[in-house]
Amino acid sequence: MEPAAEGGRQGRRAPGKLEGEVLAALWAAGEPLGAGAVRDQLAGDPAYTTVLTILTRLHDKGLVTRQRSGRAHLYAPVRDAAGYAAAGMHDLLAQGGDRAAVLARFVSELSEEDERVLERLLRGSAAD
Amino acid sequence: MGISFYLPLAASVLLAVLAPPAGRRLPPRTAAWTLLTAAVVAAGAWATVLGMLGFTLVAQIPQVAAEGRWSPHLLAADTPVERPVAAACVLAVVVCTGALLLALWRGMRELAAAWRECRGLPDAGGLTVLDDPVPAAFALPGSPGRIVVSSGMLRVLPAGERHALLAHERAHLAHRHHVFLLVFRLSAALHPLLRPLMRSGGFALERWADEDAVAAVRDRATVARAIARAALASREARTRGLAATNGPVPERVTALLRPPARRRRDLVAVIACLAVVCCASLGQAADSLDRVFDSAAATAAPAPRLAVHKALPEEFHGAVHVERGSR
């Protein structure tokens, strides 16, 4: 369970926020997942039924496909739900973060020196 | 007389120079607000002083003087600002205002484009995933704003780091960082010395979002790894463009691997004091300019006094005060 302070603040937003997390988890997996497997990917330990509700909602929105597998369903993201190829979204992705009024990309470009520093960091943390 | 004009200019320049190093030593949220305040005060004072200095020359144009009911000749004789200086200020005001309007136009156009794009994107709790192998992620301001992430980015990050990435972008939208960025940009357009401050401001906003992500995933190292991994993945996948610039990514990662910055009230106090000095001296400058125009206006009508002032130009101000007292 989340501590009360944060739970209180996030309480109202939680369903929408979780919806994004579920979709992100499905995309990250790269293969169809059941509701239980999706739940394992989420932070904050949400209820199984909550995850199922969200998956159904994503399915209704046409963002997720559903296929029967035994007694449960497997879910996968709909590729190109954004109409990516048709709508010139390439430009959005290519320059989205470069436009100053739009927020900067999550990460900016790196120099070679930067690259070495970061690689050392990731190797170091993997060894922990 | 001169000093009252140059004090706000000096304070404005000091703010522009001192705010970025102060910002680096503050917690990111405080840093962003401090830098924003410094930028607005410095740019505002800069533009106002240049405008006031320039106006002493513009006001000598007969039509302008007629409108304001002061004597252009008296003003010309008594102006505390050298003609070339005033002319340079007029030029600077024109150039800076042009730059400001251009930046405003561009900024608003980009924001409008982002808003339109937000409306067209499929929405899953504020997230849109674009099916593209190139790792990319950004926040698109709108009503409501969207987090746009490529599927390539989601695939390189483990669950915890994915959570950190989404929390980071959500923080940008929740705190309206695009408004901060626009204000930084506009102030830098108006006051070129504020350009380093604009960059510091952008960095403070990224750090702010990083610290929000830490609050969400409750682990500084996870956020640091997410940034590092995302940066490396973007680098490997990007085929075009030269990545020669020293990005702020290592600094962000380093900051996350250290304990959070302590509150530094003293630094905030220094910047706040400078901002107050800047505003107060600006008021004084406006006051002294007002007196120059008052004297030019008061003595414009009665002819005899005009002669007195012409005879005693260096004691002009003393004369004005005497005359005011006698009225």
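Being a predicted model, the structure only gives us computed values, none of them experimental.
- The environment of CZ in R25(B) is sparse: at most 12 heavy-atom neighbours from other residues, nucleotides or ligands sit within 6.0 Å.
- Between the side chain of K61(A) and the backbone N or O of A124(B), no donor-acceptor pair lies under 3.5 Å.
- Without hydrogens or angle criteria, R225(B) side chain to L122(A) main chain gives no donor-acceptor distance under 3.5 Å.
- Taking chain A as the reference chain and counting heavy-atom pairs below 4.5 Å, the highest number among D210(B), I147(B), V156(B), L166(B) is found for L166(B).
- Considering V253(B), I227(B), T254(B) in turn, V253(B) is the only one that fulfils the side chain to side chain contact (heavy atoms under 4.5 Å, CB included) rule with L121(A).
- Nearest heavy-atom pair, L127(B) versus G20(A), reported as atom, atom and distance to 0.1 Å: CD2-O, 3.1 Å.
- Distance check: S151(B) OG to L23(A) CG gives 10.5 Å after rounding to the nearest 0.5 Å.
- Considering only heavy-atom pairs separated by less than 4.5 Å from chain A, the leading option among V217(B), L157(B), D123(B) is D123(B).
- A230(B) touches chain A through backbone and side chain together, each having a heavy atom under 4.5 Å away.
- Heavy-atom minimum distance, L232(B) versus E115(A): CD2-CG, 3.3 Å.
- For T97(B), the side-chain contact (heavy atoms from CB on, under 4.5 Å) criterion is met by V93(B), L101(B), not counting sequence neighbours.
- Other residues, nucleotides and ligands contribute more than 12 heavy atoms inside 6.0 Å of the CZ atom of R66(A).
- Enclosure of atom CZ in R195(B) is not indicated, since only 12 or fewer non-hydrogen atoms of other residues, nucleotides or ligands lie within 6.0 angstrom.
- Counting all heavy atoms, side chain and backbone alike, Q41(A) lies closest to A159(B) at O-CB, 3.7 Å.
- Here the straight-line distance linking atom CZ of R229(B) with atom CG of L118(A) works out to 11.0 Å at 0.5 Å rounding.
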